[in-house]
Amino acid sequence: QVQLVESGGGLVQAGGSLRLSCAASGRTLSRYIVGWFRQAPGKEREFVTAILWSGRSTPYADSVKGRFTISRDNAKNTVSLQMNSLEPEDTAVYYCAASDIIGTPTIPSHYAYWGQGTQVTVSS
């Protein structure tokens, strides 16, 4: 099975940028659909975006469209989430998840493997 570790979170002012990374061990990440989710306090886990085996991304959540970009680096066995023009509403714990099945990559139950999450805090 694959193990996932997120990094790159932190505290940033509104309008700033962060780049999250999801590093995999145990298996080649290119064999998985990899999704990014986020969860703010008191809210349900929310789909952000996902990247397919082909490298094509799924549609982004409306709340991040045009600001976030997902990408793969197969040589480094990582998937990244570039987050620009951050807003206080983006504050959450961000999780990456991996799935080796075809299904509905926009829902958490599609994914069997999860990282521990990384905190992103955007100050106003």
Side-chain angles (χ1 to χ4, degrees):
Q1 65 184 40
V2 63
Q3 292 81 42
L4 305 174
V5 178
E6 303 95 337
S7 63
L11 173 64
V12 64
Q13 288 188 330
S17 298
L18 285 172
R19 186 176 182 87
L20 304 184
S21 288
C22 175
S25 61
R27 293 286 177 88
T28 301
L29 201 55
S30 61
R31 301 177 66 174
Y32 294 83
I33 295 172
V34 178
W36 282 98
F37 290 78
R38 66 186 185 183
Q39 189 165 19
K43 295 188 176 181
E44 292 189 354
R45 195 162 294 191
E46 174 190 21
F47 173 76
V48 175
T49 186
I51 191 163
L52 308 179
W53 296 289
S54 64
R56 183 173 65 86
S57 67
T58 64
Y60 291 75
D62 288 342
S63 56
V64 307
K65 201 172 297 182
R67 301 187 297 119
F68 290 13
T69 305
I70 191 171
S71 62
R72 282 187 185 272
D73 187 333
N74 291 335
K76 295 182 179 179
N77 211 25
T78 60
V79 170
S80 296
L81 184 68
Q82 178 67 42
M83 307 187 297
N84 298 328
S85 301
L86 284 162
E87 303 168 352
E89 294 73 21
D90 296 317
T91 295
V93 178
Y94 284 71
Y95 299 89
C96 68
S99 172
D100 57 3
I101 62 173
I102 296 173
T104 309
T106 59
I107 60 175
S109 59
H110 176 76
Y111 298 87
Y113 309 104
W114 289 83
Q116 83 290 348
T118 185
Q119 176 70 48
V120 171
T121 303
V122 184
S123 63
S124 57

Where do Pro105 and Phe47 come nearest, in terms of heavy atoms and distance? O-CE1, 3.4 Å

Heavy-atom distance under 4.5 Å between the side chains of Val5 and Gln116, does that happen here? yes

What closest approach, in Å, do Leu86 and Leu18 show between heavy atoms, and which atom pair accounts for it? CD1-N, 3.8 Å

Just by distance, do the side chain of Ser99 and the backbone of Ile101 share a donor-acceptor pair under 3.5 Å? yes

Do Trp36 and Ile51 have side-chain heavy atoms sitting under 4.5 Å apart? no

Rounded to the nearest 0.5 angstrom, the CZ-CD1 distance for Arg45 and Ile107 is 13.5 Å

Output, in order, the C-alpha distance, side-chain angles, deciding distance and verdict of side-chain contact (heavy atoms from CB on, under 4.5 Å) for Val2 and Arg31. CA-CA 10 Å; Val2 63; Arg31 301 177 66 174; over 6 Å; no

Gln39 side-chain N/O to Val93 backbone N/O, donor-acceptor pair under 3.5 Å: no

Between His110 and Thr104, do the side chains contain an N or O donor and an N or O acceptor separated by less than 3.5 Å? no

Min side-chain heavy-atom separation Leu52-Thr58 under 4.5 Å: yes

Can a salt bridge be assigned to the pair Arg27 and Asp100 using a cut-off of 4.0 Å between side-chain N and carboxylate O? no

For Ile33 and Ala50, the nearest pair of non-hydrogen atoms, with its separation, is CG2-CB, 4.4 Å

Any donor-acceptor pair under 3.5 Å linking the side-chain atoms of Asp73 with those of Thr78? no

To the nearest 0.5 Å, tell me how far Ile70 CD1 sits from Ser57 OG. 7.0 Å

Could you check whether any side-chain heavy atom of Phe68 comes within less than 4.5 Å of a side-chain heavy atom of Asp90, counting everything from C-beta outward? yes

What's the verdict on ring-ring contact (aromatic ring centres under 6.0 Å, His included) for Trp114 and Phe37, showing C-alpha distance, side-chain angles and the deciding distance? CA-CA 10 Å; Trp114 289 83; Phe37 290 78; 5.2 Å; yes

Enter the distance from Ser123:OG to Gln13:CD here, rounded to the nearest 0.5 Å. 5.0 Å

Examine distances only and state if a side-chain atom of Thr118 and a backbone atom of Gly9 form a donor-acceptor pair shorter than 3.5 Å. yes

Do the side chains of Met83 and Val79 join up, straight or via other hydrophobic residues, at under 4.5 Å, putting them in one cluster? yes

Are the side chains of Leu20 and Gln82 in contact, using a 4.5 Å heavy-atom criterion? no

Hydrophobic cluster membership, Tyr94 vs Val34, 4.5 Å side-chain cutoff: yes

Least distance between heavy atoms, Leu29 atom then Ala98 atom: CD1-CB, 4.5 Å

Measure the CZ-OG distance between Arg67 and Ser85 for me, rounded to the nearest 0.5 Å. 7.0 Å

Contact between Leu4 and Tyr95 at the side-chain level, heavy atoms closer than 4.5 Å - yes or no? no

Taking all non-hydrogen atoms of both residues into account, name the closest pair between Asn77 and Ser30 and its distance. OD1-N, 4.3 Å

Which atoms form the tightest heavy-atom contact between Ala40 and Ala92, and what is the distance? N-CB, 3.8 Å

Would a 4.5 Å heavy-atom cut-off, applied to side chains only, mark Thr49 and Leu81 as touching? yes

Just wondering, do Arg38 and Ser63 contact through their side chains at under 4.5 Å, heavy atoms? yes

To the closest 0.5 Å, what do you measure between CZ (Arg72) and CZ (Arg56)? 12.0 Å

Treat each ILVMFWY residue as a node, draw an edge where side-chain heavy atoms are under 4.5 Å apart, and state whether Tyr113 and Val48 are in one component. yes

Determine whether more than 12 heavy atoms belonging to other residues, nucleotides or ligands lie under 6.0 Å from atom CD of Glu44. no

Determine, step by step, whether Ser7 and Arg19 satisfy the side-chain contact (heavy atoms from CB on, under 4.5 Å) criterion, reporting the C-alpha distance in whole Å, the side-chain angles of both residues, the deciding distance to 0.1 Å, and the verdict. CA-CA 9 Å; Ser7 63; Arg19 186 176 182 87; over 6 Å; no

